[in-house]
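Worksheet: one structure, shown below.
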Amino acid sequence: MEKKQSSFFVAFPVSSVYFGALVGPSMVSGAFAAVYFAPYGAWGLILPLVTMGLAAFIVTCGMIGIRRWKVYDYSSYARKLYGPLSPVLSPLLEVFLILAMIVGGSSVIAMGGTFFNSLFGMPVFIGAVLMAVISSLLVLWGADLVRKSSTFMTVVLAAGFFLLVVFAAGTKSERLSAIITSWEVPHGVRFLTGVAPALSLGLSHASNALTLSSVSQNIRTFRDACMVGLISFVLNSAAFIACTVLILPYCPEALAESVPNLYIINTFLVEKVPWLPVVYSVVMFFGLASSGAPQLHAVASRVLPLYPDSWRVTDLTKNIITSFVYMAVCIAISFLGLRTIISSGYGLLGSLAVPLIVIPLCVVMPVRLYRERSLKK
(Lines give C-alpha, C1' and ligand atoms only; values in the text may rest on other atoms or scores of the structure.)
Protein backbone atom coordinates (compact mmCIF):
# COMPACT_ATOMS: atom_id res chain seq x y z
CA MET A 1 0.00 0.00 0.00
CA GLU A 2 1.37 3.41 -0.98
CA LYS A 3 2.16 5.61 1.99
CA LYS A 4 0.22 8.89 2.02
CA GLN A 5 2.48 11.90 1.70
CA SER A 6 2.11 14.82 4.11
CA SER A 7 0.06 17.71 2.76
CA PHE A 8 2.93 20.05 3.60
CA PHE A 9 5.36 18.20 1.35
CA VAL A 10 2.76 18.00 -1.42
CA ALA A 11 1.89 21.69 -1.18
CA PHE A 12 5.33 23.21 -0.62
CA PRO A 13 6.67 22.63 -4.17
CA VAL A 14 3.54 24.25 -5.63
CA SER A 15 3.77 27.16 -3.19
CA SER A 16 7.45 27.48 -4.10
CA VAL A 17 6.54 27.94 -7.76
CA TYR A 18 4.06 30.62 -6.70
CA PHE A 19 6.62 32.22 -4.39
CA GLY A 20 9.19 32.29 -7.17
CA ALA A 21 6.79 33.67 -9.76
CA LEU A 22 5.29 36.35 -7.50
CA VAL A 23 7.84 37.28 -4.88
CA GLY A 24 11.29 36.17 -6.02
CA PRO A 25 12.70 39.11 -7.97
CA SER A 26 10.27 41.70 -6.61
CA MET A 27 11.36 40.78 -3.07
CA VAL A 28 15.08 40.79 -3.81
CA SER A 29 14.95 43.96 -5.91
CA GLY A 30 12.61 45.81 -3.56
CA ALA A 31 10.61 47.10 -6.53
CA PHE A 32 7.13 46.05 -5.39
CA ALA A 33 7.70 47.14 -1.79
CA ALA A 34 8.89 50.54 -3.05
CA VAL A 35 5.67 51.01 -5.06
CA TYR A 36 2.98 49.39 -2.90
CA PHE A 37 4.17 49.29 0.74
CA ALA A 38 7.10 51.48 1.83
CA PRO A 39 5.50 54.78 0.67
CA TYR A 40 2.92 54.27 3.46
CA GLY A 41 5.49 54.27 6.24
CA ALA A 42 4.83 51.95 9.16
CA TRP A 43 1.54 50.88 7.60
CA GLY A 44 3.67 49.23 4.92
CA LEU A 45 4.40 46.48 7.45
CA ILE A 46 0.69 45.58 7.61
CA LEU A 47 -0.36 46.08 3.98
CA PRO A 48 1.42 42.91 2.72
CA LEU A 49 -0.99 40.89 4.87
CA VAL A 50 -3.87 42.52 2.98
CA THR A 51 -2.31 41.77 -0.40
CA MET A 52 -1.32 38.21 0.33
CA GLY A 53 -4.43 37.38 2.35
CA LEU A 54 -6.54 38.09 -0.72
CA ALA A 55 -4.10 36.45 -3.15
CA ALA A 56 -3.74 33.30 -1.02
CA PHE A 57 -7.52 32.94 -0.69
CA ILE A 58 -7.92 33.09 -4.47
CA VAL A 59 -5.13 30.56 -4.97
CA THR A 60 -6.73 28.22 -2.41
CA CYS A 61 -9.99 28.34 -4.34
CA GLY A 62 -7.99 27.58 -7.47
CA MET A 63 -6.40 24.53 -5.85
CA ILE A 64 -9.81 23.26 -4.75
CA GLY A 65 -11.00 23.40 -8.35
CA ILE A 66 -7.88 21.59 -9.56
CA ARG A 67 -8.37 18.86 -6.97
CA ARG A 68 -12.07 18.48 -7.84
CA TRP A 69 -11.81 18.55 -11.65
CA LYS A 70 -8.26 17.21 -12.15
CA VAL A 71 -7.36 19.84 -14.75
CA TYR A 72 -3.72 20.69 -15.34
CA ASP A 73 -3.75 23.48 -17.90
CA TYR A 74 -5.62 26.75 -17.59
CA SER A 75 -7.68 26.26 -20.77
CA SER A 76 -9.21 23.01 -19.50
CA TYR A 77 -9.70 24.67 -16.13
CA ALA A 78 -11.58 27.55 -17.77
CA ARG A 79 -14.00 25.20 -19.53
CA LYS A 80 -14.85 23.56 -16.21
CA LEU A 81 -15.02 26.85 -14.35
CA TYR A 82 -17.26 28.72 -16.78
CA GLY A 83 -19.55 25.81 -17.71
CA PRO A 84 -22.19 26.87 -20.28
CA LEU A 85 -20.62 30.34 -20.57
CA SER A 86 -17.27 28.86 -21.57
CA PRO A 87 -17.59 29.67 -25.32
CA VAL A 88 -17.90 33.35 -24.43
CA LEU A 89 -15.66 33.72 -21.38
CA SER A 90 -12.84 31.29 -22.20
CA PRO A 91 -11.48 33.35 -25.11
CA LEU A 92 -11.54 36.45 -22.89
CA LEU A 93 -9.66 34.55 -20.19
CA GLU A 94 -7.07 33.42 -22.74
CA VAL A 95 -6.41 37.05 -23.64
CA PHE A 96 -6.24 38.05 -19.97
CA LEU A 97 -3.84 35.26 -19.00
CA ILE A 98 -1.57 35.92 -21.94
CA LEU A 99 -1.55 39.58 -20.88
CA ALA A 100 -0.79 38.54 -17.28
CA MET A 101 2.09 36.29 -18.35
CA ILE A 102 3.48 39.04 -20.58
CA VAL A 103 3.27 41.66 -17.80
CA GLY A 104 4.92 39.28 -15.33
CA GLY A 105 7.54 38.13 -17.81
CA SER A 106 8.30 41.68 -18.89
CA SER A 107 8.91 42.78 -15.30
CA VAL A 108 11.33 39.86 -14.82
CA ILE A 109 13.16 40.69 -18.06
CA ALA A 110 13.34 44.38 -17.11
CA MET A 111 14.81 43.51 -13.70
CA GLY A 112 17.18 41.03 -15.32
CA GLY A 113 18.48 43.63 -17.75
CA THR A 114 19.09 46.11 -14.93
CA PHE A 115 20.63 43.42 -12.74
CA PHE A 116 23.18 42.21 -15.29
CA ASN A 117 23.95 45.80 -16.26
CA SER A 118 24.73 46.70 -12.63
CA LEU A 119 26.64 43.48 -11.98
CA PHE A 120 28.73 43.10 -15.14
CA GLY A 121 28.28 46.41 -16.93
CA MET A 122 26.73 44.67 -19.94
CA PRO A 123 24.14 46.54 -22.04
CA VAL A 124 20.61 46.30 -20.66
CA PHE A 125 19.37 44.63 -23.84
CA ILE A 126 22.01 41.87 -23.61
CA GLY A 127 21.15 41.35 -19.94
CA ALA A 128 17.48 41.03 -20.84
CA VAL A 129 18.26 38.43 -23.52
CA LEU A 130 20.45 36.48 -21.07
CA MET A 131 17.64 36.47 -18.51
CA ALA A 132 15.22 35.19 -21.16
CA VAL A 133 17.57 32.34 -22.08
CA ILE A 134 18.03 31.26 -18.44
CA SER A 135 14.28 31.22 -17.78
CA SER A 136 13.66 29.26 -20.98
CA LEU A 137 16.18 26.55 -20.13
CA LEU A 138 14.37 25.75 -16.87
CA VAL A 139 11.07 25.22 -18.71
CA LEU A 140 12.00 23.06 -21.68
CA TRP A 141 11.85 19.73 -19.83
CA GLY A 142 8.46 20.06 -18.14
CA ALA A 143 6.66 20.61 -14.85
CA ASP A 144 8.84 18.38 -12.66
CA LEU A 145 11.97 20.46 -13.32
CA VAL A 146 10.05 23.68 -12.65
CA ARG A 147 8.78 22.32 -9.30
CA LYS A 148 12.19 21.03 -8.23
CA SER A 149 14.12 24.11 -9.30
CA SER A 150 11.59 26.43 -7.65
CA THR A 151 11.76 24.46 -4.39
CA PHE A 152 15.56 24.74 -4.36
CA MET A 153 15.54 28.40 -5.31
CA THR A 154 12.94 29.25 -2.66
CA VAL A 155 15.27 27.94 0.04
CA VAL A 156 18.21 29.91 -1.41
CA LEU A 157 16.07 33.05 -1.72
CA ALA A 158 14.79 32.84 1.85
CA ALA A 159 18.24 32.25 3.36
CA GLY A 160 20.04 34.85 1.26
CA PHE A 161 17.39 37.50 1.68
CA PHE A 162 17.37 36.95 5.43
CA LEU A 163 21.06 37.94 5.47
CA LEU A 164 20.33 41.07 3.45
CA VAL A 165 17.54 42.14 5.80
CA VAL A 166 19.66 41.53 8.90
CA PHE A 167 22.54 43.69 7.69
CA ALA A 168 20.39 46.41 6.12
CA ALA A 169 18.09 46.73 9.14
CA GLY A 170 21.00 46.44 11.55
CA THR A 171 22.86 49.33 9.94
CA LYS A 172 19.83 51.58 10.46
CA SER A 173 18.44 49.86 13.54
CA GLU A 174 17.81 53.10 15.46
CA ARG A 175 15.95 54.64 12.52
CA LEU A 176 13.90 51.48 11.98
CA SER A 177 13.08 51.26 15.68
CA ALA A 178 11.91 54.87 15.67
CA ILE A 179 9.62 54.23 12.67
CA ILE A 180 8.00 51.23 14.35
CA THR A 181 7.74 52.50 17.93
CA SER A 182 6.29 55.87 16.91
CA TRP A 183 4.37 54.27 14.02
CA GLU A 184 5.74 56.87 11.68
CA VAL A 185 3.87 57.53 8.43
CA PRO A 186 4.33 60.25 5.80
CA HIS A 187 2.19 63.34 6.18
CA GLY A 188 -1.36 62.83 4.98
CA VAL A 189 -1.03 59.05 4.66
CA ARG A 190 -3.57 56.75 6.28
CA PHE A 191 -3.93 52.99 6.35
CA LEU A 192 -6.97 53.08 4.08
CA THR A 193 -4.93 55.07 1.56
CA GLY A 194 -2.78 52.00 0.97
CA VAL A 195 -5.52 49.35 1.12
CA ALA A 196 -6.86 49.90 -2.40
CA PRO A 197 -3.42 49.56 -4.07
CA ALA A 198 -2.64 46.56 -1.84
CA LEU A 199 -5.89 44.84 -2.83
CA SER A 200 -5.24 45.68 -6.48
CA LEU A 201 -1.84 43.99 -6.26
CA GLY A 202 -3.44 40.90 -4.70
CA LEU A 203 -6.08 40.78 -7.43
CA SER A 204 -3.47 41.20 -10.16
CA HIS A 205 -2.04 37.81 -9.26
CA ALA A 206 -5.37 36.00 -9.41
CA SER A 207 -4.18 34.43 -12.66
CA ASN A 208 -1.82 32.25 -10.58
CA ALA A 209 -4.87 30.39 -9.27
CA LEU A 210 -5.33 28.98 -12.79
CA THR A 211 -1.80 28.91 -14.19
CA LEU A 212 -0.49 26.96 -11.17
CA SER A 213 -2.60 24.08 -12.46
CA SER A 214 0.33 23.17 -14.73
CA VAL A 215 2.42 22.16 -11.68
CA SER A 216 -0.37 20.96 -9.36
CA GLN A 217 -0.69 17.34 -10.49
CA ASN A 218 0.07 16.11 -6.97
CA ILE A 219 -2.76 18.02 -5.27
CA ARG A 220 -5.15 15.25 -4.24
CA THR A 221 -7.09 16.33 -1.15
CA PHE A 222 -8.90 19.35 0.23
CA ARG A 223 -6.17 19.59 2.88
CA ASP A 224 -3.50 19.71 0.15
CA ALA A 225 -5.35 22.57 -1.55
CA CYS A 226 -5.69 24.59 1.66
CA MET A 227 -2.06 23.94 2.55
CA VAL A 228 -0.94 25.57 -0.72
CA GLY A 229 -2.86 28.71 0.24
CA LEU A 230 -1.55 28.72 3.82
CA ILE A 231 2.10 28.24 2.85
CA SER A 232 1.76 30.86 0.11
CA PHE A 233 0.29 33.36 2.58
CA VAL A 234 3.05 32.81 5.15
CA LEU A 235 5.95 32.79 2.69
CA ASN A 236 4.84 35.70 0.56
CA SER A 237 3.62 37.93 3.40
CA ALA A 238 6.85 37.40 5.32
CA ALA A 239 8.89 38.19 2.21
CA PHE A 240 7.11 41.47 1.49
CA ILE A 241 7.18 42.53 5.15
CA ALA A 242 10.91 41.78 5.31
CA CYS A 243 11.48 43.76 2.13
CA THR A 244 9.57 46.71 3.57
CA VAL A 245 11.65 46.47 6.77
CA LEU A 246 14.77 46.64 4.61
CA ILE A 247 13.66 49.73 2.66
CA LEU A 248 11.84 51.84 5.28
CA PRO A 249 14.93 53.21 7.11
CA TYR A 250 16.37 54.40 3.78
CA CYS A 251 13.27 56.27 2.62
CA PRO A 252 12.51 58.49 0.82
CA GLU A 253 15.75 58.26 -1.22
CA ALA A 254 15.39 54.51 -1.89
CA LEU A 255 11.90 54.98 -3.33
CA ALA A 256 13.31 56.81 -6.34
CA GLU A 257 15.51 53.87 -7.37
CA SER A 258 14.44 51.21 -9.89
CA VAL A 259 16.24 48.54 -7.80
CA PRO A 260 16.05 49.96 -4.24
CA ASN A 261 17.80 47.06 -2.50
CA LEU A 262 20.81 47.28 -4.81
CA TYR A 263 21.00 51.02 -4.14
CA ILE A 264 20.96 50.40 -0.38
CA ILE A 265 23.71 47.78 -0.59
CA ASN A 266 26.00 49.82 -2.85
CA THR A 267 25.47 53.10 -1.00
CA PHE A 268 25.28 52.11 2.67
CA LEU A 269 26.42 48.54 3.23
CA VAL A 270 29.26 47.58 0.90
CA GLU A 271 32.00 49.24 3.00
CA LYS A 272 30.88 47.49 6.19
CA VAL A 273 30.12 44.13 4.56
CA PRO A 274 32.24 43.81 1.38
CA TRP A 275 30.93 40.33 0.54
CA LEU A 276 27.26 41.35 0.70
CA PRO A 277 27.03 42.34 -2.99
CA VAL A 278 28.11 38.81 -3.92
CA VAL A 279 25.36 37.31 -1.76
CA TYR A 280 22.88 39.75 -3.25
CA SER A 281 23.93 38.83 -6.78
CA VAL A 282 23.38 35.12 -6.13
CA VAL A 283 20.02 35.68 -4.47
CA MET A 284 18.85 38.07 -7.20
CA PHE A 285 19.88 35.63 -9.90
CA PHE A 286 17.85 32.81 -8.35
CA GLY A 287 14.96 35.19 -7.75
CA LEU A 288 14.83 36.18 -11.41
CA ALA A 289 15.19 32.61 -12.66
CA SER A 290 12.50 31.30 -10.29
CA SER A 291 10.06 33.96 -11.49
CA GLY A 292 10.56 33.78 -15.22
CA ALA A 293 10.37 29.99 -15.47
CA PRO A 294 6.87 29.37 -13.98
CA GLN A 295 5.26 32.06 -16.13
CA LEU A 296 6.83 30.74 -19.31
CA HIS A 297 5.94 27.18 -18.30
CA ALA A 298 2.26 28.12 -17.94
CA VAL A 299 2.27 29.58 -21.46
CA ALA A 300 4.21 26.65 -22.94
CA SER A 301 1.85 24.09 -21.33
CA ARG A 302 -1.16 25.83 -22.86
CA VAL A 303 0.34 26.35 -26.32
CA LEU A 304 1.73 22.80 -26.67
CA PRO A 305 -1.61 21.17 -27.67
CA LEU A 306 -2.24 23.94 -30.24
CA TYR A 307 0.62 22.94 -32.52
CA PRO A 308 -0.68 21.14 -35.66
CA ASP A 309 -0.36 17.36 -35.70
CA SER A 310 1.34 17.71 -39.08
CA TRP A 311 4.32 19.28 -37.31
CA ARG A 312 6.32 16.13 -36.66
CA VAL A 313 8.62 17.67 -34.07
CA THR A 314 9.25 16.86 -30.42
CA ASP A 315 7.61 18.66 -27.50
CA LEU A 316 11.05 20.04 -26.66
CA THR A 317 11.26 21.73 -30.06
CA LYS A 318 7.75 23.15 -29.67
CA ASN A 319 8.67 24.53 -26.24
CA ILE A 320 11.75 26.19 -27.74
CA ILE A 321 9.59 27.91 -30.38
CA THR A 322 7.07 29.07 -27.75
CA SER A 323 9.88 30.32 -25.50
CA PHE A 324 11.44 32.31 -28.33
CA VAL A 325 8.20 34.09 -29.27
CA TYR A 326 7.11 34.76 -25.67
CA MET A 327 10.48 36.06 -24.56
CA ALA A 328 10.81 38.28 -27.64
CA VAL A 329 7.54 40.01 -26.72
CA CYS A 330 8.59 40.35 -23.06
CA ILE A 331 11.95 41.85 -24.02
CA ALA A 332 10.23 44.44 -26.23
CA ILE A 333 7.78 45.46 -23.48
CA SER A 334 10.51 45.56 -20.82
CA PHE A 335 11.83 48.75 -22.38
CA LEU A 336 8.76 50.59 -21.07
CA GLY A 337 10.55 50.50 -17.71
CA LEU A 338 10.10 48.49 -14.53
CA ARG A 339 8.13 51.14 -12.64
CA THR A 340 5.65 51.56 -15.48
CA ILE A 341 5.11 47.81 -15.76
CA ILE A 342 4.63 47.37 -12.00
CA SER A 343 2.34 50.34 -11.37
CA SER A 344 0.26 50.39 -14.56
CA GLY A 345 0.45 46.79 -15.76
CA TYR A 346 -0.45 45.15 -12.46
CA GLY A 347 -3.17 47.71 -11.74
CA LEU A 348 -4.85 46.84 -15.05
CA LEU A 349 -4.59 43.12 -14.31
CA GLY A 350 -6.23 43.61 -10.91
CA SER A 351 -9.27 45.28 -12.47
CA LEU A 352 -9.69 42.68 -15.21
CA ALA A 353 -9.27 39.75 -12.79
CA VAL A 354 -12.43 40.49 -10.80
CA PRO A 355 -15.04 39.49 -13.44
CA LEU A 356 -12.91 36.89 -15.22
CA ILE A 357 -11.40 34.96 -12.30
CA VAL A 358 -12.29 36.15 -8.80
CA ILE A 359 -16.09 36.04 -9.04
CA PRO A 360 -16.29 32.74 -11.01
CA LEU A 361 -13.62 31.06 -8.87
CA CYS A 362 -14.35 32.37 -5.38
CA VAL A 363 -18.14 32.87 -5.54
CA VAL A 364 -19.72 30.82 -8.31
CA MET A 365 -17.50 27.70 -8.09
CA PRO A 366 -18.08 27.04 -4.34
CA VAL A 367 -21.83 27.31 -4.90
CA ARG A 368 -21.66 24.85 -7.80
CA LEU A 369 -19.55 22.36 -5.86
CA TYR A 370 -21.89 22.58 -2.87
CA ARG A 371 -24.92 21.89 -5.08
CA GLU A 372 -23.18 18.96 -6.76
CA ARG A 373 -22.34 17.49 -3.38
CA SER A 374 -25.92 17.98 -2.16
CA LEU A 375 -27.34 16.20 -5.20
CA LYS A 376 -25.14 13.16 -4.54
CA LYS A 377 -26.49 12.76 -1.03
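Computed over heavy atoms, backbone and side chain alike; hydrogens, waters and symmetry mates excluded.
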Side chain proximity check, I247 to L255, heavy atoms < 4.5 angstrom: yes
Trace of the side-chain contact (heavy atoms from CB on, under 4.5 Å) decision for T244 with F32: CA-CA 9 Å; T244 306; F32 276 59; over 6 Å; no
Any side-chain heavy-atom pair of L212 and M63 under 4.5 Å: yes
side-chain contact (heavy atoms from CB on, under 4.5 Å) assessment of L230 paired with C226: CA-CA 6 Å; L230 177 61; C226 292; over 6 Å; no
Trace of the side-chain contact (heavy atoms from CB on, under 4.5 Å) decision for Y346 with S200: CA-CA 8 Å; Y346 283 95; S200 179; over 6 Å; no
Smallest separation among heavy atoms of V228 and S232, with atom names: O-OG, 2.7 Å
ILVMFWY cluster, V367 and I58 together (side-chain gap under 4.5 Å): no
Donor-acceptor list for residues 86-105 side chains, cut-off 3.5 Å, not counting sequence neighbours:
residue : atom : partner : partner atom : Å
S86     : OG   : S90     : OG           : 2.8
S90     : OG   : S86     : O            : 3.1
E94     : OE2  : S75     : OG           : 3.4
E94     : OE2  : R302    : NE           : 2.8
E94     : OE2  : R302    : NH2          : 3.2

Donor-acceptor under 3.5 Å (S204 side chain, L349 main chain): no
Closest approach of R220 to R67 (non-hydrogen atoms, all atoms of both residues): O-CG, 3.3 Å
Gap separating the CG atom of L210 from the OG atom of S216, nearest 0.5 angstrom: 10.5 Å
hydrophobic_cluster_shared for I126 and V129, side chain cutoff 4.5 Å: yes
Minimum-distance pair of heavy atoms, taken over all atoms of N117 and M122: ND2-O, 2.9 Å
Side chains of I109 and F335 in contact at under 4.5 Å (non-hydrogen atoms): no
Sub-6.0 Å ring centroid separation between Y77 and Y72: no
V273 reachable from V278 in the ILVMFWY side-chain graph, under 4.5 Å edges: no
Nearest-0.5 Å distance, OG of residue S106 to CD1 of residue I333: 4.0 Å
Atom pair CD1/OH of I264 and Y280 - distance to nearest 0.5 Å: 9.5 Å
Derivation and outcome, side-chain contact (heavy atoms from CB on, under 4.5 Å), residues V185 and R190: CA-CA 8 Å; V185 297; R190 296 178 301 157; over 6 Å; no
Heavy-atom closest pair, residues G229 and A56: O-CB, 3.5 Å
Same cluster (ILVMFWY, side-chain, under 4.5 Å), L352 and I359: yes
For residues 157-171, run the donor-acceptor check on the side chains, cut-off 3.5 Å, and write out each pair with its distance to 0.1 Å, sequence neighbours left out.
residue : atom : partner : partner atom : Å
T171    : OG1  : F167    : O            : 2.8

pair I180-L176: side-chain heavy atoms closer than 4.5 Å: yes
Interatomic distance, L336 atom CG to S334 atom OG [nearest 0.5 angstrom]: 8.0 Å
Residue pairs involving residues 353-372 (criterion ring pair (Phe, Tyr, Trp, His ring centres under 6.0 Å); sequence neighbours excluded): none
Interatomic spacing from OG in S7 to CG in D224 - rounded to 0.5 Å: 4.0 Å
Side chain to side chain, W69 and M365, heavy atoms closer than 4.5 Å: yes
Validation row, ring centre Y18 to ring centre H205 under 6.0 Å: no
Heavy atoms from other residues, nucleotides or ligands near OH of Y307 exceed 12 (cutoff 6.0 Å): yes
Heavy atoms from other residues, nucleotides or ligands near CH2 of W311 exceed 12 (cutoff 6.0 Å): no
Nearest-0.5 Å distance that lies between atom CH2 in W43 and atom CD1 in I46: 7.0 Å
Any donor-acceptor pair under 3.5 Å from S16 side chain to F12 backbone: yes
Pairs touching residues 71-82 that satisfy salt bridge (Lys or Arg N to Asp or Glu O under 4.0 Å), sequence neighbours left out: none
Identified side chain to side chain contact (heavy atoms under 4.5 Å, CB included) counterpart of P48 within the set I241, N236, L201: I241
Backbone of V189 reached by a side-chain donor or acceptor of T193 within 3.5 Å: no
N/O donor-acceptor pairs under 3.5 Å from side chains in residues 35-42, not counting sequence neighbours:
residue : atom : partner : partner atom : Å
Y36     : OH   : I342    : O            : 3.0

Sub-4.5 Å side-chain heavy-atom contact between F116 and V124: no
Side chain proximity check, L276 to V270, heavy atoms < 4.5 angstrom: no
N261 vs L246 side-chain heavy atoms within contact, under 4.5 Å: yes
Nearest atoms (heavy-atom pairs only) where I231 meets A11: CD1-CB, 4.0 Å
Nearest heavy atoms of A110 and I341, plus distance in Å: CB-CD1, 4.4 Å
Shared hydrophobic cluster, M227 / V234 (ILVMFWY, side-chain heavy atoms < 4.5 Å): yes
F222: partners by ring pair (Phe, Tyr, Trp, His ring centres under 6.0 Å), with sequence neighbours left out: none
